[in-house]
Amino acid sequence: MTETLPSRTSDLPAKWIPGEVEAGLYQRWVDRGYFEADPASGKPPFCIVIPPPNVTGSLHLGHAMDHTLIDILTRRRRMQGYDALWLPGMDHAGIATQNVVERQLAVDGKTRHDFGRELFVDKVWDWKRESGGAILGQMRRLGDGVDWTRERFTLDEGLSRAVQTIFKRLFDDDLIHRAERIINWCPRCHTALSDIEVDHHEDEGELVSIRYGDGDDAVVVATTRVETMLGDTGVAVHPDDERYAHLVGREIELPIVGRMIPVVADEHVDPSFGTGAVKVTPAHDPNDFEIGRRHDLPMPSIFNEAAVVMNSGTRFDGMDRFVAREAVREQLRAEGRIVAEKRPYLHAVGHCSRCDTVVEPRLSLQWFVKVTPLARAAGDAVRTGRTTIHPKELEKRFFDWVENMHDWTISRQLWWGHRIPVWYGPDGEVVCVGPDDEPPTGAGWHQDEDVLDTWFSSGLWPISTLGWPEQTADLQRYYPTSVLVTGYDILFFWVVRMMMFGLYAMDGRPPFEHVFLHGLIRDQFGKKMSKSRGNTIDPLALIDDYGADALRFTIARGSNPGADMSLSTEWVAGSRNFTTKLWNAVRFALGSGASPDLPVPPADRLTDADRWILGRLREVREQTDALLEDFQFAKATEALYHFTWDELCDWYIELAKPQLAEPELAEGTRAVLGHALDALLRLLHPIIPFVTEALWTGLTGGESVVITPWPVDAGAPADAAATARVEALQRLITELRRFRTEQGLPDRRSVAGRLVGLDDAGLAGHEPAIRFLTRLDAPSDGFAPTATVEVGLPGNGSVHVELDLSGAIDVAAERARLGRDLTAAQKELDQAEKKLGNPKFTQKAPAHVVDGIRARREAALADIERVTARLETLPSS
RNA sequence: GGGCGCGUAGCUCAGCGGGAGAGCACUCGGCUUACACCCGAGCGGUCGCAGGUUCGAACCCUGCCGCGCCCA
């Protein structure tokens, strides 16, 4: 190594310590504006909007997965010459954020009502400024290539204007209306919730069977919510149920309350379930509400907003629902009304997704979006292929969902959020006010007190962040966005709403061309991560310990379409090892004088190893392109991993070492190595941006790999002959190493040997490489071989190697080794002969398959012959 | 109850009609001037079970068992 190294190599430290470098690299990217989109650029646009994280949230592995995959897509498109925009931001998370601030107030024994609406909202903004949005800083740590100049927040002025605009339009189109219905109510948050904000899980409760009425009029009903009987206004049976035919139309007495309630016949009662009779509490159960409507039953509410019994006209008024449940049950028992009881009784119960309180169905006046026509349009967009869902298997779930979607409850009894733009007049007027309208003034006019569901604004995200309702340059250029990336568990939260609103607001143009749904991250045993299980992993801790690249690489490598992935610190450590491997490979290349600036010589002046690695590089590049276009992150990452470690490092670099020592080969080797690493670093950059940036700038002296073109013609067409010779070479070297290992030869001990038959095997020029990689010295004057190894090569050739081990070989070990080879060859032969002996196989199977089996038989026969002969020459032990 | 998906090496997962694979773990040998976050070699599987289709099944079909998710 007499050449002067290029000066730029001096910038490459001996070791890659991500924690010391990543933040600086990221800041440099941002400072230079690499991530800023430019609508005037003349390049084709590519746009992804972030599924907006919650302003109260911090980065968890689910985000890390979203962001890694999005960043891979965007960075690659940017390198491919697109005007790539990844637009960041957050949503205001109505309930969650209000909860955070209310908890702070509660420390001083205060509630939001002590401050009043305006002051309280100011306090929330204060909190947002001081503590909100931690996730934005964490995104920088991950390396997210987002355009910070376009960052948005759902409560920004522009986005709020979008909310008001669409509300007004939907209102005018009769797609938003106000109605008294049963909704999901959180008695702790004191607000309505939509269906998707309710999580159902199994709870221990009780199932109590109660006898209503007496004598011939007696009916037994069962319930898990005994206390609701205080609000019963009927009993329902199926019209065809003869057991109760005599009762229909009559009234029976409701225990405790003493009210007479009718028995009604309703088709929706399942006569085979329980006793076939159900109690009807129209104000506190969605099914009962429907029955009540059909039969015109009274609908008294017996709970206040905290789910405390009220207005029941009984002594239970003032009791919490769970206290009342037991108290009512005990009184029923005392009155001899309880027929049966199951306790504990496991059943699914709805919980508030924000605070886990048991949700109470509640009859109340709320605003709803009539989703049927909007959801149908969303379904059509996918059906007609204007939006493609990946993986395709999830389409069915999407269709099922949009076809069965219930009206969406959008009013929330909160203060933090977009206030509903509806004013009520003194004479019952209802006026919806658009963003440019003046709200009505005067005595008796007041605005609706409620705010909108956060997802009402998140649903507008793909259009509002681009400037809608204004026809901005960004909107015209980047809408529809290219891809939406999110977890399949979130499909219904954002994707459906974004689809509905985008189609509605943008004249039937859906908000994204592709929806890519990835799986969930689980722990190393495939278990879902959860705080209660204690198996969560903080992505920031992983970044601290192993670097952002290692986390990203792990995620990319595990992301198979439609499947969840497992992750543990060991997996991430493995990825860190990969970045280190890459680092060292480039260090070796630089130390050898490799450079992409050196011209790669024409094929006829390249070695087999050169041609082989250039062919493999082209194949891997093509593979990577095809896989990434198809969102197959795991396979693309795996292909690059395998190429880097198992081919480039384990073989090409090793073969390059003897080449570099040959003056006539050295320059070409430096060129090939420089060329291959340059391309490889670019291919890897979207996945592991930090280490590739450091290495690529070190290798090439270029400004930044971020803005460097994607390698489109790196490598060379595969050279089958060169590849075959390299594979034979690998086989020969591996077999010789195996012999050495099994003979117990220490790695560092050189052995003299003679290679016989290299010419016939086409490996004549490879003797230096073989000797270098197997520590085989040239035979000297006193060469006296004591052992022979014969290596069968692909293509049925073989090479003899005579070795001077300076002593007797370990015959037992050699017999064992050959015995294993013989067994394997015999098995191979048996399989092949069995097939070939079957006339149906030779007649029906395609010719190339039959030929393949014949070739395998020949190879096995040759192996057996060779190994047997060798075994016979061994002294008996 | 309805729908979807999964059961392949100790663990996590690829493979989805013609030679059972990877990473990690494990065993043995090595601090060989790119790398011990490494190198070399190796061990490890009636591909959940039972039928069927086929010349041929981990792969296609049917049933069963076990697990997970979504919706009621």
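Below, all heavy atoms of this structure are taken into account, side chains as well, without hydrogens, waters or symmetry copies. Proteins get letters first, then strands, A, B, ... in listed order; numbering begins at 1 in each.
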| query | Where the side chain of A/D400 is defined as all heavy atoms beyond and including C-beta, which of B/G3, B/C37, B/U32 is the nearest nucleotide? | reply | B/G3
| task | Have a look at A/A563 and say if it touches a base, only the backbone sugar-phosphate, or nothing, with a 4.0 Å heavy-atom cut-off. | result | sugar-phosphate
| request: Just call it for A/F525: base, sugar-phosphate, or nothing, with non-hydrogen atoms closer than 4.0 Å on any strand. | output: sugar-phosphate
| said: Could you tell me if A/N577 and A/Y546 have a donor-acceptor pair between their side chains, going purely by distance under 3.5 Å? | reply: no
| B/G42 and B/C16: how far apart are their P atoms, nearest whole angstrom? | 27 Å
| said: It should be established whether A/S568 places a side-chain nitrogen or oxygen under 4.0 Å from OP1 or OP2 of nucleotide B/C24. | reply: no
| Nucleotide nearest A/N584 (side chain, heavy atoms from C-beta), chosen from B/C35, B/C37, B/G19 | B/C35
| message | Need to verify one output field. Residue with the more 5' nearest nucleotide on RNA chain B, A/Q831 or A/T579? | response | A/Q831
| task | Can you figure out which of B/C24, B/C55, B/C38 approaches the side chain of A/A845 most closely? | result | B/C55
| query | Taking the side chain of A/R587 as its heavy atoms from C-beta onward, which of B/A14, B/C35, B/U12 lies nearest to it? | reply | B/C35
| So, A/D66 and A/H518: side-chain donor and acceptor under 3.5 Å apart, yes or no? | yes
| Taking the side chain of A/R738 as heavy atoms from C-beta outward, which of B/C43, B/A41, B/C35 is closest to it? | B/A41
Taking distance alone, no hydrogens or angles, what donor-acceptor pairs closer than 3.5 Å link side-chain atoms of residues 827-849 of chain A to residues at least two apart or in another chain?
from	atom 1	to	atom 2	distance (Å)
A/E828	OE2	A/R856	NE	2.8
A/N838	OD1	A/K840	N	3.0
A/T842	OG1	A/P839	O	2.9

| query | Expressed as a whole number of Å, how far does the P atom of B/C67 sit from that of B/G23? | reply | 32 Å
| remark: Dot-bracket assigned to RNA chain B with the 3.5 Å Watson-Crick/G-U criterion, [ ] for crossing and | for other-strand pairs, is ((((((((.[[[[.)..(..]]]].(((((.......))))).....[[[[[..)....]]]]]))))))).
| task | Please state the P separation for the pair B/C13 and B/C69 - nearest whole angstrom. | result | 14 Å
| task | Please work out if A/P846 contacts a base, only the sugar-phosphate, or nothing of the nucleic acid, heavy-atom cut-off 4.0 Å. | result | base
| side-chain N/O A/K657 vs B/A34 OP1/OP2, d < 4.0 Å | yes
| message | Are A/V495 and A/I389 packed together at the side-chain level, in the sense that at least one heavy-atom pair is separated by less than 4.5 angstrom? | response | no
Could you give the side-chain donor-acceptor pairs of residues 628-648 of chain A under 3.5 Å, partners two or more places apart or in another chain?
from	atom 1	to	atom 2	distance (Å)
A/E629	OE1	A/R77	NH2	3.1
A/E629	OE2	A/R76	NH1	3.0
A/E629	OE2	A/R76	NH2	3.0
A/E629	OE2	A/R77	NH1	2.9
A/E629	OE2	A/R77	NH2	3.4
A/D630	OD2	A/Q632	NE2	3.0
A/Q632	OE1	A/K635	NZ	3.3
A/T637	OG1	A/F633	O	2.7
A/E638	OE1	A/R557	NE	2.7
A/E638	OE1	A/R557	NH2	3.2
A/E638	OE2	A/R557	NH2	3.4
A/H642	ND1	A/D646	OD2	2.7
A/T644	OG1	A/L640	O	2.6
A/E647	OE1	A/R616	NE	2.9
A/E647	OE1	A/R616	NH2	2.9
A/E647	OE2	A/R616	NE	3.0

| Touch check for A/L745, heavy atoms < 4.0 angstrom, all strands: base, sugar-phosphate only, or nothing? | nothing
| query | Which part of the nucleic acid, if any, lies within contact of A/E654, taking any heavy atom under 4.0 Å across all strands shown: a base, the sugar-phosphate backbone alone, or nothing? | reply | base
| field | Whole-Å gap separating P (B/G30) and CZ (A/R737) | value | 17 Å
| query | Given B/U12, B/C38, B/G18, which nucleotide is nearest the side-chain atoms of A/K581? | reply | B/C38
| field | OP1 or OP2 of B/G56 under 4.0 Å from side-chain N/O of A/N838 | value | no
| said: Measuring from the side chain of A/T741 (C-beta onward, heavy atoms only), which nucleotide among B/A41, B/G19, B/C39 has the closest atom? | reply: B/A41
| message | Looking at A/D821 and A/R738, is any side-chain nitrogen of the basic one under 4.0 Å from a carboxylate oxygen of the acidic one? | response | yes
| note | Judged by nearest nucleotide, the residue sitting upstream toward the 5' end of RNA chain B, A/A585 or A/K827, is A/K827
| Do any side-chain nitrogens or oxygens of A/R856 fall under 4.0 Å of OP1 or OP2 in B/G19? | yes
| Picking from B/G23, B/A22, B/C37, which would you name as closest to the side chain of A/E638? | B/A22
| field | Given B/A14, B/A34, B/G3, the nucleotide with the shortest approach to the side chain of A/C649 | value | B/A34
| Any side-chain N or O of A/W401 less than 4.0 Å from the OP1 or OP2 oxygen of B/C4? | no
| task | Using only side-chain N and O atoms of A/K635, determine if any of them is under 4.0 Å from OP1 or OP2 of B/G15. | result | yes
| said: B/A41, OP1 or OP2 - any side-chain N/O from A/T734 closer than 4.0 Å? | reply: yes
